[in-house]
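Before any comments, here is the structure.
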Amino acid sequence: MKARARKAEKMVEQVRHPQHVAIIMDGNGRWAKARGLPRTMGHRRGVEAVREAVRTARHLGIRYLTLFAFSSENWRRPADEVGELLRLLKIFIRRDLADLHREGVKVKVIGAREGLPPDIRSLLEEAEQLTRANEQNVLVIAFNYGARDEMARAMRRIAEKLVTGEATIDAVTPEYVDEHLDTAGIPDPDLIIRTSGELRLSNFLLWQAAYSEFAFLPCLWPDFDRKAFEDAVRDYAMRDRRFGGISREIAS
Ligand code: FPP
(Lines give C-alpha, C1' and ligand atoms only; values in the text may rest on other atoms or scores of the structure.)
Protein backbone atom coordinates (compact mmCIF):
# COMPACT_ATOMS: atom_id res chain seq x y z
CA MET A 1 0.00 0.00 0.00
CA LYS A 2 1.32 3.45 -0.90
CA ALA A 3 2.44 5.64 2.00
CA ARG A 4 -0.22 8.28 1.26
CA ALA A 5 -3.01 5.69 1.22
CA ARG A 6 -1.72 4.23 4.49
CA LYS A 7 -1.71 7.69 6.04
CA ALA A 8 -5.27 8.35 4.84
CA GLU A 9 -6.44 5.02 6.28
CA LYS A 10 -4.82 5.85 9.61
CA MET A 11 -6.58 9.22 9.68
CA VAL A 12 -9.95 7.58 9.01
CA GLU A 13 -9.20 5.07 11.78
CA GLN A 14 -8.45 7.91 14.20
CA VAL A 15 -11.62 9.77 13.25
CA ARG A 16 -13.64 6.62 13.79
CA HIS A 17 -12.03 5.68 17.06
CA PRO A 18 -14.00 7.26 19.90
CA GLN A 19 -12.00 9.63 22.03
CA HIS A 20 -14.75 9.95 24.61
CA VAL A 21 -17.32 7.31 25.60
CA ALA A 22 -20.00 8.14 28.17
CA ILE A 23 -22.10 5.43 29.79
CA ILE A 24 -25.51 5.40 31.48
CA MET A 25 -25.10 2.36 33.69
CA ASP A 26 -28.66 1.07 33.96
CA GLY A 27 -30.25 -2.19 35.05
CA ASN A 28 -28.61 -3.02 38.39
CA GLY A 29 -32.00 -3.36 40.09
CA ARG A 30 -33.43 -5.64 37.40
CA TRP A 31 -30.26 -7.75 37.43
CA ALA A 32 -30.73 -8.33 41.17
CA LYS A 33 -34.48 -8.90 40.92
CA ALA A 34 -34.00 -11.58 38.25
CA ARG A 35 -31.89 -13.47 40.79
CA GLY A 36 -34.17 -12.92 43.77
CA LEU A 37 -31.58 -10.63 45.37
CA PRO A 38 -31.98 -7.20 46.97
CA ARG A 39 -31.40 -4.26 44.60
CA THR A 40 -28.28 -3.29 46.52
CA MET A 41 -26.64 -6.55 45.34
CA GLY A 42 -27.16 -5.35 41.77
CA HIS A 43 -25.28 -2.15 42.58
CA ARG A 44 -22.45 -4.15 44.16
CA ARG A 45 -22.08 -6.22 41.00
CA GLY A 46 -22.34 -2.95 39.09
CA VAL A 47 -19.10 -1.78 40.69
CA GLU A 48 -17.32 -4.84 39.25
CA ALA A 49 -18.64 -3.85 35.82
CA VAL A 50 -17.32 -0.31 36.45
CA ARG A 51 -13.83 -1.72 37.09
CA GLU A 52 -13.98 -3.79 33.91
CA ALA A 53 -15.24 -0.83 31.87
CA VAL A 54 -12.35 1.35 33.10
CA ARG A 55 -9.84 -1.39 32.19
CA THR A 56 -11.44 -1.92 28.77
CA ALA A 57 -11.48 1.80 27.97
CA ARG A 58 -7.74 1.96 28.69
CA HIS A 59 -7.13 -1.16 26.63
CA LEU A 60 -9.08 0.30 23.68
CA GLY A 61 -7.24 3.61 23.90
CA ILE A 62 -10.37 5.57 24.78
CA ARG A 63 -8.97 8.68 26.41
CA TYR A 64 -12.13 9.88 28.20
CA LEU A 65 -14.63 7.61 29.92
CA THR A 66 -17.61 9.21 31.66
CA LEU A 67 -19.77 7.12 33.99
CA PHE A 68 -23.19 8.23 35.24
CA ALA A 69 -22.86 6.98 38.82
CA PHE A 70 -25.54 8.97 40.65
CA SER A 71 -28.06 11.39 39.24
CA SER A 72 -29.46 14.48 40.91
CA GLU A 73 -32.80 12.59 40.88
CA ASN A 74 -31.42 9.44 42.56
CA TRP A 75 -31.96 11.02 46.03
CA ARG A 76 -35.64 10.05 45.54
CA ARG A 77 -34.76 6.36 45.99
CA PRO A 78 -35.31 4.59 49.32
CA ALA A 79 -32.82 5.77 51.97
CA ASP A 80 -31.10 2.38 52.29
CA GLU A 81 -30.45 2.25 48.53
CA VAL A 82 -29.10 5.81 48.48
CA GLY A 83 -26.91 4.92 51.46
CA GLU A 84 -25.56 1.85 49.64
CA LEU A 85 -24.76 3.84 46.49
CA LEU A 86 -22.84 6.42 48.54
CA ARG A 87 -21.05 3.62 50.42
CA LEU A 88 -20.06 1.89 47.16
CA LEU A 89 -18.62 5.09 45.75
CA LYS A 90 -16.55 5.57 48.91
CA ILE A 91 -15.27 1.99 48.76
CA PHE A 92 -14.46 2.37 45.05
CA ILE A 93 -12.44 5.55 45.61
CA ARG A 94 -10.66 4.17 48.67
CA ARG A 95 -9.79 0.82 47.06
CA ASP A 96 -9.11 1.86 43.49
CA LEU A 97 -7.69 5.37 43.67
CA ALA A 98 -4.07 4.31 44.17
CA ASP A 99 -4.25 1.90 41.21
CA LEU A 100 -5.94 4.49 38.99
CA HIS A 101 -3.23 7.00 39.91
CA ARG A 102 -0.45 4.49 39.21
CA GLU A 103 -1.96 3.77 35.80
CA GLY A 104 -1.95 7.48 34.91
CA VAL A 105 -5.72 7.97 35.13
CA LYS A 106 -6.96 11.45 35.93
CA VAL A 107 -10.22 11.47 37.94
CA LYS A 108 -12.65 14.30 37.27
CA VAL A 109 -16.02 14.66 38.96
CA ILE A 110 -19.00 16.44 37.41
CA GLY A 111 -22.25 17.30 39.19
CA ALA A 112 -23.31 19.49 42.09
CA ARG A 113 -20.92 19.46 45.05
CA GLU A 114 -23.34 21.35 47.28
CA GLY A 115 -25.59 19.04 49.25
CA LEU A 116 -23.18 16.11 49.13
CA PRO A 117 -22.26 14.55 52.48
CA PRO A 118 -18.94 16.17 53.54
CA ASP A 119 -17.02 12.86 53.59
CA ILE A 120 -18.09 12.05 50.01
CA ARG A 121 -17.24 15.54 48.86
CA SER A 122 -13.77 15.47 50.37
CA LEU A 123 -13.07 11.98 48.97
CA LEU A 124 -14.04 13.11 45.47
CA GLU A 125 -11.89 16.23 45.84
CA GLU A 126 -8.99 14.12 47.12
CA ALA A 127 -9.26 11.87 44.03
CA GLU A 128 -9.23 14.89 41.72
CA GLN A 129 -6.35 16.51 43.58
CA LEU A 130 -4.15 13.39 43.65
CA THR A 131 -4.60 12.61 39.96
CA ARG A 132 -4.76 16.14 38.53
CA ALA A 133 -1.43 15.92 36.68
CA ASN A 134 -2.15 12.54 35.04
CA GLU A 135 -2.33 12.57 31.27
CA GLN A 136 -2.93 9.00 30.13
CA ASN A 137 -6.70 8.61 30.54
CA VAL A 138 -9.50 10.59 32.13
CA LEU A 139 -12.23 8.95 34.21
CA VAL A 140 -15.14 11.36 34.58
CA ILE A 141 -17.49 10.39 37.40
CA ALA A 142 -20.91 12.02 37.10
CA PHE A 143 -22.09 12.15 40.69
CA ASN A 144 -25.13 14.10 41.90
CA TYR A 145 -25.26 15.06 38.24
CA GLY A 146 -28.19 16.35 36.19
CA ALA A 147 -27.70 18.09 32.85
CA ARG A 148 -30.33 20.77 33.48
CA ASP A 149 -28.72 21.51 36.85
CA GLU A 150 -25.34 21.76 35.14
CA MET A 151 -26.70 24.14 32.50
CA ALA A 152 -28.37 26.32 35.15
CA ARG A 153 -25.03 26.43 37.04
CA ALA A 154 -23.27 27.52 33.84
CA MET A 155 -25.92 30.17 33.19
CA ARG A 156 -25.50 31.54 36.70
CA ARG A 157 -21.70 31.72 36.25
CA ILE A 158 -22.11 33.52 32.92
CA ALA A 159 -24.81 35.87 34.28
CA GLU A 160 -22.48 36.83 37.14
CA LYS A 161 -19.78 37.82 34.61
CA LEU A 162 -22.31 39.82 32.57
CA VAL A 163 -23.53 41.65 35.66
CA THR A 164 -20.01 42.52 36.85
CA GLY A 165 -18.96 43.55 33.34
CA GLU A 166 -16.33 40.78 33.12
CA ALA A 167 -18.03 39.60 29.91
CA THR A 168 -20.21 41.21 27.24
CA ILE A 169 -23.36 39.69 25.76
CA ASP A 170 -21.55 39.15 22.45
CA ALA A 171 -19.02 36.94 24.24
CA VAL A 172 -21.71 34.34 24.94
CA THR A 173 -21.06 31.84 22.17
CA PRO A 174 -21.51 28.06 22.28
CA GLU A 175 -17.76 27.77 23.03
CA TYR A 176 -18.14 30.21 25.92
CA VAL A 177 -21.01 28.15 27.32
CA ASP A 178 -18.79 25.03 27.01
CA GLU A 179 -16.17 26.71 29.17
CA HIS A 180 -18.70 27.25 31.96
CA LEU A 181 -20.10 23.73 32.10
CA ASP A 182 -18.83 21.14 34.59
CA THR A 183 -17.26 19.39 31.57
CA ALA A 184 -15.11 22.41 30.58
CA GLY A 185 -11.97 21.14 28.85
CA ILE A 186 -13.44 17.69 28.15
CA PRO A 187 -14.37 16.94 24.51
CA ASP A 188 -18.01 16.09 23.78
CA PRO A 189 -18.78 12.37 23.96
CA ASP A 190 -18.41 10.61 20.61
CA LEU A 191 -20.45 7.67 21.82
CA ILE A 192 -23.06 7.42 24.58
CA ILE A 193 -23.92 3.90 25.69
CA ARG A 194 -26.98 3.04 27.78
CA THR A 195 -27.51 -0.46 29.06
CA SER A 196 -30.76 -2.21 30.04
CA GLY A 197 -32.75 -1.49 26.88
CA GLU A 198 -34.15 1.89 27.98
CA LEU A 199 -34.24 4.43 25.14
CA ARG A 200 -33.70 7.77 26.85
CA LEU A 201 -31.00 10.16 28.02
CA SER A 202 -32.40 10.77 31.53
CA ASN A 203 -30.95 14.26 31.91
CA PHE A 204 -27.39 13.11 31.03
CA LEU A 205 -25.00 15.42 29.12
CA LEU A 206 -27.84 17.10 27.21
CA TRP A 207 -25.69 19.94 25.86
CA GLN A 208 -22.65 17.79 25.13
CA ALA A 209 -24.65 15.08 23.31
CA ALA A 210 -25.51 17.36 20.35
CA TYR A 211 -23.60 15.18 17.85
CA SER A 212 -22.99 12.03 19.87
CA GLU A 213 -23.72 8.59 18.50
CA PHE A 214 -25.89 6.35 20.69
CA ALA A 215 -25.76 2.68 21.56
CA PHE A 216 -28.77 1.40 23.47
CA LEU A 217 -27.84 -2.10 24.55
CA PRO A 218 -30.22 -4.73 25.92
CA CYS A 219 -27.79 -6.10 28.52
CA LEU A 220 -28.11 -5.07 32.16
CA TRP A 221 -25.21 -3.06 33.60
CA PRO A 222 -23.69 -5.86 35.77
CA ASP A 223 -23.47 -7.99 32.59
CA PHE A 224 -21.71 -5.27 30.58
CA ASP A 225 -18.32 -6.87 30.01
CA ARG A 226 -15.28 -6.29 27.86
CA LYS A 227 -16.87 -7.96 24.83
CA ALA A 228 -20.03 -5.84 25.05
CA PHE A 229 -17.87 -2.69 25.26
CA GLU A 230 -15.67 -3.77 22.33
CA ASP A 231 -18.74 -4.63 20.22
CA ALA A 232 -20.26 -1.19 20.90
CA VAL A 233 -17.02 0.54 19.88
CA ARG A 234 -16.73 -1.61 16.75
CA ASP A 235 -20.32 -0.75 15.82
CA TYR A 236 -19.57 2.96 16.39
CA ALA A 237 -16.55 2.72 14.06
CA MET A 238 -18.88 1.69 11.21
CA ARG A 239 -21.04 4.80 11.49
CA ASP A 240 -20.78 7.81 9.24
CA ARG A 241 -20.73 10.92 11.42
CA ARG A 242 -21.60 14.01 9.42
CA PHE A 243 -21.90 16.75 12.07
CA GLY A 244 -24.53 18.47 9.91
CA GLY A 245 -22.41 18.12 6.77
CA ILE A 246 -22.59 15.40 4.12
CA SER A 247 -21.28 11.87 4.02
CA ARG A 248 -17.55 11.38 3.36
CA GLU A 249 -18.46 8.94 0.55
CA ILE A 250 -20.75 11.49 -1.16
CA ALA A 251 -18.19 14.29 -0.71
CA SER A 252 -15.32 12.34 -2.33
C1 FPP B 1 -29.05 2.23 37.52
O2 FPP B 1 -29.58 0.97 37.81
C3 FPP B 1 -27.79 2.43 38.22
C4 FPP B 1 -27.58 3.40 39.16
C5 FPP B 1 -28.61 4.33 39.59
C6 FPP B 1 -26.29 3.55 39.83
C7 FPP B 1 -25.07 3.11 39.10
C8 FPP B 1 -24.07 2.83 40.14
C9 FPP B 1 -23.14 1.84 40.10
C10 FPP B 1 -22.91 0.99 38.94
C11 FPP B 1 -22.25 1.57 41.27
C12 FPP B 1 -21.50 2.73 41.85
C13 FPP B 1 -20.66 3.47 40.88
C14 FPP B 1 -19.32 3.73 41.03
C15 FPP B 1 -18.64 4.62 40.04
C16 FPP B 1 -18.51 3.18 42.10
P17 FPP B 1 -31.04 0.91 38.42
O18 FPP B 1 -30.91 0.73 39.89
O19 FPP B 1 -31.84 2.10 38.02
O20 FPP B 1 -31.57 -0.39 37.75
P21 FPP B 1 -33.10 -0.71 37.38
O22 FPP B 1 -33.51 0.30 36.33
O23 FPP B 1 -33.03 -2.10 36.86
O24 FPP B 1 -33.91 -0.59 38.65
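We count ligands from 1, going down the list as the structure has it; atoms in each ligand are counted the same way.
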Open item on the list: Checking F224 now: which residues fulfil ring pair (Phe, Tyr, Trp, His ring centres under 6.0 Å) with it, not counting sequence neighbours?
Closed with: W221, F229

Task: Ring geometry between Y176 and H180 (parallel below 30°, tilted from 30 to 60°, perpendicular above 60°) - done: tilted

TODO: Using heavy atoms and a cut-off under 4.0 Å, could you grab the residues that are in contact with ligand 1, chain by chain, numbers ascending?
DONE: M25, D26, G27, N28, G29, R30, R39, H43, G46, V47, A69, N74, R77, L85, F92, W221

Task: Cluster link V140 to L88, ILVMFWY, side chain under 4.5 Å - done: no

Open item on the list: For the residue pair Q208 / H20, report whether a side-chain donor-acceptor contact shorter than 3.5 Å exists.
Closed with: no

Task: R148 and S72: side chain donor to acceptor below 3.5 Å - done: no

- [ ] Establish, for the pair R77 and W75, whether the NZ or CZ atom is under 6.0 angstrom from the six-membered ring centre and no further than 45 degrees off its axis.
- [x] no

